[in-house]
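All values below come from the heavy atoms of this structure, side chains included, with hydrogens, waters and symmetry mates left out.
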Amino acid sequence: MHWRDIIRRPVVTEKSSLMADVNNQYTFVVHPRANKMQVKQAIELAWPNVRVEKIRIANMPAKRARRLRRLTIRKSGWKKAIVTLQPGSRIDLFEGV
C-alpha cells in the first residue's frame, strides 16, 4: 500500500491537540488493515524530518443509534494510531493556515 492509503487523516480534537503539545503524540485515522510497521514507514515517508519513537493502535468500535421508531443509524468502526515522536521531531498538520 502507498503511504497515502495507510494514513487517512489526522484526528483534530482538543485532546489530540493537547497530546501533541505536551507529549509530542499525534493521532491519525489509518487503514483498517494497517499494522504498526506500515504506519511507522508511512509517517516517516510523509514527513522526512520526523522520527517515530512508538506507535499505539486501537480499533474504535462501530456505533448504533435508533431514531424514529424503526430507523437505525450505524456508524462504521475505524482504526486509529497514536504516534509518539522522538524529542526534537514535530509535525505541522496545518502548514500555511
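Among all heavy-atom pairs drawn from Arg33 and Gln38, the shortest one is O-OE1, 3.8 Å. For the pair Trp47 and Asp92, the tightest heavy-atom approach, listed with the atom from each and the gap, is NE1-O, 4.3 Å. Residues Pro48 and Ala46 approach most closely at CD-O, 3.6 Å, considering heavy atoms. Closest of all the heavy-atom pairs between Arg74 and Ala62 is NH2-CB, 3.6 Å.
Note: the hydrophobic cluster containing Ile7 also contains Met1 (ILVMFWY, side chain heavy atoms under 4.5 Å, direct or indirect links). Linking ILVMFWY side-chain heavy atoms closer than 4.5 Å, directly or via other members, places Val30 and Leu93 in a single hydrophobic cluster. Residues Met19 and Met60 do not share a hydrophobic cluster, clusters being chains of Ile/Leu/Val/Met/Phe/Trp/Tyr side chains in contact below 4.5 Å. When the side chains of ILVMFWY residues are joined at heavy-atom separations under 4.5 Å, either directly or via intervening members, Val83 and Val50 end up in a single hydrophobic cluster.
Looking at heavy atoms from C-beta onward, Ser89 lies out of side-chain contact with Glu53 at the 4.5 angstrom threshold. Put simply, the side chain of Lys79 reaches to within 4.5 Å of the side chain of Ile57, judged on heavy atoms. Between Phe28 and Val39, every side-chain heavy-atom pair lies at or beyond the 4.5 Å cut-off. Side-chain contact check for Lys75 versus Pro61: every heavy-atom pair is 4.5 Å or farther apart.
Leu85 CG to Arg90 CZ: the interatomic distance, rounded to the nearest 0.5 Å, is 9.0 Å. The line from OG of Ser76 to NZ of Lys63 is 12.0 Å long, rounded to the nearest 0.5 Å. With rounding to the nearest 0.5 Å, the separation of CD1 in Ile82 from CZ in Arg56 is 4.5 Å. Rounded to the nearest 0.5 angstrom, Asn24 CG and Gln86 CD are separated by 10.0 Å. To the nearest 0.5 Å, the span separating CD1 on Ile43 from CD1 on Ile6 amounts to 9.5 Å. Taken from NZ in Lys40 to CZ in Arg51, the straight-line distance is 9.0 Å, to the nearest 0.5 Å.
A donor and an acceptor atom, one from each side chain of Thr84 and Gln25, are located under 3.5 Å apart.
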